[in-house]
Structure formats: C-alpha cells, structure tokens
There are 2 protein chains.
Amino acid sequence: MHDGHHSGGMMLIRRLGNYARLTPEDEAALQQMLALPIRLAHARRDIIAEGAVPRAVFLIVSGWACQFKTLEDGRRQIVGFLLPGDSCDLNNLVLRRMDHSIGALTDVRYMEIPGGAIQRLTRDHPRIGKALWWQMLVHLSVQREWTTNLGQRNAMERLGSLLCELALRLRDVGLSNGECYDLPLTQTDLADATGLTSVHINRTLQQLRASGLISLSGRVLRIPNFAALQEASLFAPDYLHRAQLEARQSHGMAGAGAADHAER
Amino acid sequence: MHDGHHSGGMMLIRRLGNYARLTPEDEAALQQMLALPIRLAHARRDIIAEGAVPRAVFLIVSGWACQFKTLEDGRRQIVGFLLPGDSCDLNNLVLRRMDHSIGALTDVRYMEIPGGAIQRLTRDHPRIGKALWWQMLVHLSVQREWTTNLGQRNAMERLGSLLCELALRLRDVGLSNGECYDLPLTQTDLADATGLTSVHINRTLQQLRASGLISLSGRVLRIPNFAALQEASLFAPDYLHRAQLEARQSHGMAGAGAADHAER
DNA sequence: CGAACATTTGAAGCGCGTCAAAGCCGGTGG
DNA sequence: CCACCGGCTTTGACGCGCTTCAAATGTTCG
C-alpha cells in the first residue's frame, strides 16, 4: 500500500515497456534519464498553474495529483488524476502554455524531466517514442471517457465509474491488492471530478454503501464485489487500453474487468 | 461557405504548417501521400464503430463527422466533431481497438491514410512528426475543455461554448466568414454533444435567440456579436491553442476572440 | 400527397443544487 | 490533559434546472 520499493522511475519503465517492447539499451537510457532530483509539493499546493509556460514534464513518484481547469467565476473541474508512475502530458514540451493546472492532492514527490532529455530519447530510441505515443493516446481515450461520464451518467454511475477506474489504475502500479485502496480524496475533490456538489457526493456515497457496493471509512475504500460495482455503474474498462497488462499479470479482478466485456 | 477549392488535403498541409515550419520537401511528401482515392460516407452512417480494429487514419475532406461513445443501454455521448481538414486520432495506428465510433453527420468525403504511410512520413520528416504531436496535444486539450464544459457549465453556457468553438474552428478552415456558418447538426446532435436532452436544447436555443446572442434559421447560424456570446458562455478560447494562426491571418473576430482573453 | 423526421410546446416530476446548521475529527497550544 | 480551532462530513428543508412524456406543428423528399 505504500510506495516503498516502487521508485516511480521503475514504474515508468515498466509501464512504457507495456506499450512497446523496449530493448535493454532503451531501458538503460530511461534509467539514466531518471537520475534526477526528487522534488516535493505539499498537499493542496499547485505544481503548475494554467497559463504558465512549462519547460519540463512532471513524473509523479508518490502521492496523488490532479489536473484541473477553472472558470472565470471560480468553478473548478478536475479533468484527471495523476497517480504514482503517471506523467503529465507532453503538453508541456510542445504547446506554449498550460491549458490546465496541476495540483497536489496529497504531499507529492515528483521529478521534472527536462524537455531536451525527452527529445533526445525519442530521437535515439524510436521504441520509446512509440511508447510515448501510446501513452498519449491512452490519455486521450481516458479523457473521452470522462466526457461521457459527465455527459451521460447519473450521480451514482459517475461516482462508481470513477472508483472503478481508480481501482484498476492503482492496481496496475501495485497500490491496490484488488479489493481495497487508499483514497486520499475529500468529498469536495470527488465532487469537482464528477461535476456534482460535495453534498450530493456525500449522499451518493451513502447510497453506494447502503447497497453494499463499497465501504469507505477513513481513507480506505473497499470494493467487495468489483463486478457488481462495475455493472451498477455501466463501467466498461476497455477505454483504459490495458489489455496487454492483463495478459502478462493475469489474476483476479484485473482480468475479470475486461473479460466481462469481451463477450460482445 | 462550400468546400470548393478547399481540397481537404491542402487544408491538412496548411494546418500542419501552423504547428511546425515545414520545408518544401516536407510539403511535397505530404502532397504525394494525399494522392489517395476519396471515399464517401452517407449522412447518419457510421464510418467506423467502437471495438473495430482500424488500419488507417481518416482525413475529412468535406462534410461533418462526429466521434461518439455509447453506453450499454443506448445513451450516446458525442465526444468531438470532425470538420473538414480534421483527421481522427492516430489512435487508429497505435491502439488495437477503437474506443469510440466515428459517424457521418452529413454526407462526408474522406480519405483513408494507411498506417504505413504515416509511419514512413514521421520517420523521414521529423517536422511532420512534430506537427502530428502538436495536433494530438491540441485534441487532448479540447477534450479536457469538453469535460469541463459538461461538468461545470449550465445549459446555456454549454451550448454557447460549443457554438463558439465551432465558429473558431470553422473560421480556421475557411468555412465561416466570422459572423455566420452552416450548422448541419440537429437539435438531437447538439443534445448528445452537450449532455442535455433535445427538448432542453430547443428551449435553450430559444433563450439564446431571445437574448439576441444568436440567430438560427434553417441551417445557418449567425453570431452577431461574438464577444457577447463568448462572455455569456464563459468561453475562453485558449484551449484551442490557435495563437499562431491568429498571428498570421489576423483580422476581425479570430483576433478578438483571443485578445479578449489576453488581459489576465 | 404522404411518410419520416425535426422542431416546438405544454404539463408534471425528479435529481441534484443551495443554504444552513450541526456533528466530527485531528492538530495545536496552553 | 483539556480547550479550542479549522476543515471535512453529515443532515434537513427547500427550490430550481433539467428531464420525461406526449402531442402538435413544421419540413423535406420520394
């Protein structure tokens, strides 16, 4: 449940390796690039703000961060979560300004990978370039699913889908055993991510608890029956494009998630 | 207002040229690749369905298409529009299955660019590769904005923002003179894109008309005062990342759109 | 002219928001 | 050890924005 031996860097390499078959040289190059100082952001502080001109890519080593956008009048939408091993979009390198902010939800340890390093890497190691493309396209797919989540699902389905997504993503980086995980979000955070109010999130959580789909006390979320929550939320995990992960480390929930959906 | 001399291919080249400075050789290579047969999809037919295994990238030559996702029970969310000159995500090349469908809203003329052609192009012409990265990141930015649109804005703001986005995008490809454009969407389409019902879209359109922000008769939408609609909708065009377009072809609305927002 | 589809309108209901106050919990300092 | 404080969660009452259902009115095109 802690990050311990998950060095963040290792997690990145493992993940990229799932997107494209990396050679030992590729991995060594990544390894070398990741000899970077670890930076710290305190909970509830912004790592980078909308409109800023970034010069690096952020790689989360431990803790949770979120991407969010703010309307003029203060309304705030969380458009994605960054979990350990996640990196922010290459957005930073290519576009001139941030179109969203990144904020720390918990204390966050992260690395700043300078743009030049990434450009060199993709130039000299085409497989790494391909893996980055893959990752980017998965981000895009996830963002489309969030759009659908907000546009079509009701409160219970929205919240349930979000909790399912987090379960699978945390599992892929070893931060969930498949049944429960540490959820460091406040109900206000959940509200901002689902487009609901914190009051309604509270009531919806109670509803999910009452129907036995989740239990949540303190910061530990438990999903006793993943398939049940998935069905109640109309959650279809295909959009995470994690098929190849499942093939390799196939046990329990993760496989079931997609198997349920292979039938059509 | 028609597509006439806008050959779709030319539009693609012009657009990519805005993302990275292409050499004459780059442009020639693109030109050559675009000697492909033009395919036709009839209005209301799918071009490719969710779950399919694609082998090409689609480039819209004329007409409107949309990307959409469907929940098990039939609810449908339009997650993006593809206008002339737009291409679908490289999704198709890298990921194994479509996580969304692409459907023709009007009759659509399009080209299928085989994956190999694009791989060769990016390998031999790094600037084109960079331009494609850019385009992809802009797609991602737009998708984040749609997420925010659905999560935080009310009906009028949602619809207004969408109409603003379409105005700017159509203008960039020469399909709007800045004040009005052809809107081939039904109210049901607008509903599916904004996460509202068609009944409520109808009422919201009337409200926009009553307040003089738009006029819409037949399929022609007119925005007499873009700044007013923009303000009423809390529309902030930065997310389209079209700064460089404005710098080059600066006149009227397009410039104003961003200028309004440069002040902060 | 008629069928299929899009727009418009009305009436009624519900999901979620708003407002406000009351617990609750961890942390801090006296 | 208790008093206190700020932030999070929980609860209740009420209201509104949007949905639902149903039917009428265009509109387009064989």
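Per chain, numbering begins at 1; letters A, B, ... match sequence-line order.
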*Looking just at side-chain N and O atoms, do Ser101(A) and Asp46(A) make a donor-acceptor pair shorter than 3.5 Å?*
no
*asked:* At less than 4.0 Å, is any side-chain N or O atom of Asn202(B) found next to OP1 or OP2 of dT8(C)? Yes or no.
replied: yes
*Can you tell me how far P of dC25(C) sits from CZ of Arg219(A), to the nearest Å?*
16 Å
*Going by atom types only, do Ser176(B) and Arg171(B) share a side-chain donor-acceptor pair under 3.5 Å?*
no
Show me the protein contacts with nucleotides 14-17 of chain C, counting only N or O atoms at under 3.5 Å.
| unit_1 | atom_1 | unit_2 | atom_2 | d |
| --- | --- | --- | --- | --- |
| dC16(C) | OP1 | Ala155(A) | N | 3.1 |
| dC16(C) | OP2 | His200(A) | NE2 | 3.3 |
| dC16(C) | O5' | His200(A) | NE2 | 3.4 |
| dG17(C) | OP1 | Thr197(A) | N | 3.4 |
| dG17(C) | OP2 | Thr197(A) | N | 3.2 |
| dG17(C) | OP2 | Thr197(A) | OG1 | 2.9 |

*Decide yes or no for Leu208(B) and Met156(B): does some side-chain heavy atom of the first lie under 4.5 Å from some side-chain heavy atom of the second?*
yes
*asked:* What I'd like to find out is whether the side chain of Leu163(B) reaches to under 4.5 Å of the side chain of Phe235(B), using heavy atoms alone.
replied: no
*asked:* Distance check needed: dT10(D) P versus Leu208(A) CG, whole Å only.
replied: 13 Å
*Does a side-chain N or O from Gln206(A) land closer than 4.0 Å to OP1 or OP2 of dT11(D), or not?*
yes
*May I ask you to verify if any side-chain N or O of Arg209(B) is less than 4.0 angstrom from the OP1 or OP2 atom of dT8(C)?*
yes
_Could you check whether Asp238(B) pairs with Arg97(A) (Lys NZ or Arg NE/NH1/NH2 to Asp/Glu carboxylate O, under 4.0 Å)?_
no
_If I take atom CD in residue Gln207(B) and atom C1' in nucleotide dG17(D), what distance separates them, rounded to the nearest angstrom?_
11 Å
_Among Gln143(B), Glu165(B), Glu145(B), the one residue meeting side-chain hydrogen bond (donor to acceptor under 3.5 Å, both in side chains) with Tyr239(B)_ = Glu165(B)
*Separation of Gln187(B) atom CD from dT25(D) atom P, in whole Å?*
18 Å
*For the pair made of CG in Asp107(B) and C1' in dT28(D), what is the distance, rounded to whole Å?*
15 Å
